[in-house]
There are 2 protein chains.
Amino acid sequence: MTSAEKTEKTLRADARRNREKIFAAARELFARDAEGVQMEEIASHAGVGVGTIYRHFPTKQALLTEMVRTRFSRFTEIALEAERIDDPREAVETLIRQSCVEVEGDAGFQLAMMSPDELEWEGIEQEKAAFAEPATRIIDRAVESGAVRSDFSFADFPMLMCGITSTMYFAPAGSDWQRHLDLILAGLRPG
Amino acid sequence: MTSAEKTEKTLRADARRNREKIFAAARELFARDAEGVQMEEIASHAGVGVGTIYRHFPTKQALLTEMVRTRFSRFTEIALEAERIDDPREAVETLIRQSCVEVEGDAGFQLAMMSPDELEWEGIEQEKAAFAEPATRIIDRAVESGAVRSDFSFADFPMLMCGITSTMYFAPAGSDWQRHLDLILAGLRPG
DNA sequence: TCGGAAGCGGAATTCCTGTTCCACTTATTG
DNA sequence: CAATAAGTGGAACAGGAATTCCGCTTCCGA
């Protein structure tokens, strides 16, 4: 039985409610201060005891990973939407720009974007693969049509996101990562 | 009496030796694994007890900041060298590229590049100012000569370094940050 | 050479957080 | 409405890492 099935069927009504409260609290706090979140904090914010969190998630990391996974699926949606855009360059630029927008304001997610392996976000391989498909199509199409430099490929995507995301995460007082993005997009043009 | 003066004059011979051993050990370990360094580790690597470290540096952070400061002065040298290059574009590109090279291989320094305020690198303002002067001249010259996009300015420098550095720091198994740098440099061209 | 000040080592302390445990509640089911 | 299994709270525990403390050692000037 998967974790999802357990949530749906087996769980007692009050337990299901708590699970959701925990999840919501964790998401909010993790988004606010990724590295500083503490279990006690999440618990009190959710109105439960720490023990209750551990009934639902084996470790802190598991809880955080679960949230990153949920959040990650949005990327696939973004990619599928971008794929509908006719102009090849506009499609790539939208893909990248929208991905950045999605990450903005969620420090926890930013951290996950930056540390591919470092922080052991294991178990989101499936989501990554689901995103890679449409994203690769968009990028390859742009390359073939000459809309971006010929050596650009999907392999560059994580690296670019890492760089731009770090600007969001570390930059003092939200100075604009958009500028960083603009430079990158300009750099992607053929020539 | 400044810390430097104390090192020169007041310190007992053996104490001065120890101070240097500690500094060297800390530099090496911090470069290798910035976030993982421990005081015990630095101490044993330097061949002293932890207590001895605390005789020389009030806190761990102070020790690390001291190292970052030392390292930072190299940037100014790089900028002064780059300023001697005639071609304005080549000068900027050298400035940026060499700065990256300087940071490569030193995880601790990479971390310092990324977190301007986060990790409280207080006390290196002077070094930063010394670097800003020649760097600003190089960038302004390039802008005026039309060698780079007209909206580029020194204010962008920290942001770019943050992005590229994060690629070095987080990228799995040293995948090339050079590519990131190339994209940025391409993006800086006028157009 | 000697006295005392400076310096040293490293066990002990402190603080901080994730995780465990279990007596106590609460939902569910017949 | 029991009986019971499921779920809960939060104090206690555990382990990690920075920092302190102090009896002992080493340097250095007279």
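Per chain, numbering begins at 1; letters A, B, ... match sequence-line order. Just so we're clear, the structure is a prediction, and the values are computed from it rather than from any experiment.
With C/dA5, C/dC8, D/dG7 as the candidates, the nucleotide lying closest to the side chain of B/N18 is C/dC8. Ranking D/dT8, C/dT19, D/dA5 by closeness to the A/M39 side chain, first place goes to C/dT19. For A/Y54, the listed nucleotide lying nearest its side chain is C/dT20; candidates were D/dT20, C/dT20, C/dA6. The B/R17 side chain lies nearest to D/dC27 when the options are C/dG18, D/dC27, D/dA5. Listed nucleotides: D/dT8, D/dT19, D/dC27. Nearest to the side chain of B/E40: D/dT19. Of the candidate nucleotides D/dG10, C/dC8, C/dG18, C/dG18 has the atom nearest to the side chain of A/K60. When distances are taken from the side chain of A/V50 to each of C/dG9, D/dA11, D/dT20, the shortest belongs to D/dA11.
Rounded to whole angstrom, the span from the CZ atom of A/R55 across to the C1' atom of C/dC21 amounts to 11 Å.
Comparing B/D14 and B/Q38, the nucleotide of DNA chain D nearest to each residue sits closer to the 5' end for B/Q38. Mapped onto DNA chain D by nearest heavy atom, B/T59 and A/V48 fall at different nucleotides, with A/V48 at the one closer to the 5' end.
Contact annotation: B/H56 does not reach the phosphate of C/dG7 (side-chain N/O to OP1 or OP2, under 4.0 Å). Distances shorter than 4.0 Å separate none of the side-chain N or O atoms of A/T52 from OP1 or OP2 on D/dG7.
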Checklist entry - Checking side-chain contact (heavy atoms from CB on, under 4.5 Å) for the pair A/E93/A/R89: CA distance, chi angles, key distance, verdict? => result CA-CA 6 Å; A/E93 296 199 350; A/R89 165 136 83 216; 3.4 Å; yes

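Aromatic ring centres of A/F157 and A/F152: separated by at least 6.0 Å.
When heavy atoms are screened at a 4.0 angstrom cut-off, B/G47 is found touching the sugar-phosphate backbone but no base atom. At the heavy-atom level, B/A13 lies under 4.0 Å from the strands shown only through sugar-phosphate atoms.
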